[in-house]
Each structure stands twice: as C-alpha cells, then as structure tokens.
Amino acid sequence: AQRVTQPEKLLSVFKGAPVELKCNYSYSGSPELFWYVQYSRQRLQLLLRHISRESIKGFTADLNKGETSFHLKKPFAQEEDSAMYYCALPPRGAQKLVFGQGTRLTINP
Amino acid sequence: DSGVTQTPKHLITATGQRVTLRCSPRSGDLSVYWYQQSLDQGLQFLIQYYNGEERAKGNILERFSAQQFPDLHSELNLSSLELGDSALYFCASSASGRTDTQYFGPGTRLTVL
C-alpha cells in the first residue's frame, strides 16, 4: 500500500536557521508528491508540488527516488513559517490524497 | 483564497443527532473530496465525487453519506453521531478526476457533546 511517513511530529528551530522537514514514501514507480501547509486555524494550502519544481516562500523539495524521500527545505527560517506541514501523495490509479501525520514546525525568535 | 467554501464553520450537536455539512467547489472544478482531520487519526480521506458521481470511497463510516448536486456543490451527511466523530471536516476540489492539485476549504469544526 502507498504510504507517507513524516517521522517528526514536532520540529523547533531558531529564526534564520535552516529547516528540513522529512517525508518518506512507499510507492512503486514515479509518485506525484505534494507539500501542504496549515497555518493556525486556517485551511490547508498547497505549498509546492513535485512536478512543478517551483520554490514557494523560499521552500524547495527534491524527489529522491533512491531514498524514497521528498524532504522540504528552507535555508533561512522565518517566524511566519511556524505551521503544520503535511506531505501527501495520490495512490496509484486514484485521485484522493494520502497524507502523512504532519510535522508541527515552530520557529523561535 | 482558494475559492472553496464550506458551511457552517462550527457545529455543536449532541450524540445521536444528524448533521449536514456543505461544500461549494472552486468555479469550474468538477471533483470534490471530503477529508476528516482528527488528533488521533490525522487527515483521512472519506469520499470523492466527480461531476455528480461517486468516484472513490475511503474510510467513511456507514453512518456517513455524501452527494454532489447538479450545480456541483456537495453535502456530507453524518448521522447517529458519536463523541468520536468530533473533528474538522475538510472539503477539497480539483479541476478534473485526474491527479490535479486539490484546493481545500476552510473546514467545518464538528463538536459532538
């Protein structure tokens, strides 16, 4: 079964420090991967999508098929980055999204 | 603003009751998805509709049902409510039935007392 694992429930870094949120997946073939962000009491927003290879709000993510990972990175964290981050993928042949458990990122001033 | 709207924002009800959650997709989107977000289960897919037809089912209880109307809005009906049904219910929409980006609504927070 296709699965997404975010091993860190909580992650705390200082402002200006680099950030890496981990995402590992289980999928045979080439997955379509997404990162969504949920700010306090708000809706989930698409942060970035693997296929578009864009950088949004300074975040990037690279698909590593060898390690089956899609880690989210930002070189310099900002306080407004504090939020819940979810990695997700659609299982083969489906459009629904399977989400990881999420990582709560806190940026300390 | 992603354009997906959900009503109501909050709902407080008692065990055994029935409620209806409503979702309007982004203009032009044909696919609607319902997800449940709870502290212990995380974000779980419930059901998907595409252009009025049920497309996929996930971890949806038999007490729950949904439909998508000709104007493409969708309703999620939850009946015989239990304490454990308390959660945030999100609707998302996408352009088609393929792997398009899903855009989420603000959610309806359901509290069952």
Side-chain angles (χ1 to χ4, degrees), chain A residues 1-10 21-25 27 29-54 56-57 59 61 63 70 83-104, chain B residues 1-7 9-10 23-26 29-51 53-60 66 68 74 87-109:
Chain A
Q2 288 94 47
R3 237 184 357 260
V4 177
T5 304
Q6 293 179 250
E8 304 143 325
K9 270 188 133 174
L10 303 169
L21 293 100
K22 292 184 168 47
C23 170
N24 290 92
Y25 64 88
Y27 189 98
S30 296
E32 177 66 50
L33 283 149
F34 299 80
W35 275 101
Y36 279 85
V37 60
Q38 187 179 27
Y39 300 103
S40 179
R41 296 184 172 279
Q42 294 187 28
R43 71 184 73 200
L44 277 87
Q45 302 174 34
L46 177 69
L47 186 59
L48 55 81
R49 178 175 176 172
H50 144 247
I51 198 169
S52 66
R53 301 187 65 82
E54 291 177 16
I56 307 293
K57 298 187 179 185
F59 285 97
L63 178 62
F70 189 57
M84 195 76 180
Y85 291 79
Y86 292 95
C87 184
L89 61 72
R92 185 183 297 283
Q95 291 83 47
K96 70 177 185 181
L97 288 173
V98 171
F99 286 87
Q101 285 296 95
T103 298
R104 182 169 298 281
Chain B
D1 191 327
S2 71
V4 179
T5 60
Q6 289 185 249
T7 56
K9 271 185 116 170
H10 303 279
C23 166
S24 292
R26 293 188 321 156
D29 283 358
L30 299 177
S31 228
V32 168
Y33 309 77
W34 286 98
Y35 293 87
Q36 180 193 59
Q37 185 181 39
S38 60
L39 281 174
D40 53 344
Q41 296 288 322
L43 266 161
Q44 298 282 322
F45 167 74
L46 295 178
I47 197 164
Q48 176 197 358
Y49 277 81
Y50 174 72
N51 204 19
E53 301 286 329
E54 182 183 301
R55 175 64 68 93
K57 247 181 177 175
N59 301 322
I60 188 165
Q68 187 179 26
S74 177
L88 198 50
Y89 291 84
F90 284 109
C91 166
S93 73
S94 69
S96 74
R98 296 196 305 274
T99 313
D100 295 316
T101 297
Q102 292 181 29
Y103 295 90
F104 282 77
T108 292
R109 184 170 294 281

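Every chain is numbered from 1, with letters handed out A, B, ... down the list of sequences. Not measured: the values here are computed from a predicted model.
- For A:Lys96 against B:Phe45, the heavy-atom pair with the smallest separation is CD-CD2, 3.2 Å.
- With a 4.5 angstrom heavy-atom cutoff, A:Leu97 touches chain B via backbone and side-chain atoms both.
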Pair A:Gln38-B:Gln37, side chain to side chain contact (heavy atoms under 4.5 Å, CB included): steps then yes or no: CA-CA 12 Å; A:Gln38 187 179 27; B:Gln37 185 181 39; 3.1 Å; yes
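- Atoms OG1 and CZ, on B:Thr5 and A:Arg43 in that order, are 8.5 Å from each other to the nearest 0.5 Å.
- Nearest heavy-atom pair across A:Arg49 and B:Thr101 is NH1-OG1, 2.9 Å.
- With hydrogens and angles ignored, the 3.5 Å screen pairs no side-chain donor or acceptor of A:Gln95 with any backbone N or O of B:Ala56.
- Heavy atoms from other residues, nucleotides or ligands lying under 6.0 Å from CG of B:Leu39 number 12 at most.
- Heavy-atom distances place no part of B:Asn59 under 4.5 Å from chain A, backbone and side chain included.
- Among the candidates A:Phe99, A:Tyr86, A:Tyr36, the single residue satisfying the ring pair (Phe, Tyr, Trp, His ring centres under 6.0 Å) test with B:Tyr35 is A:Phe99.
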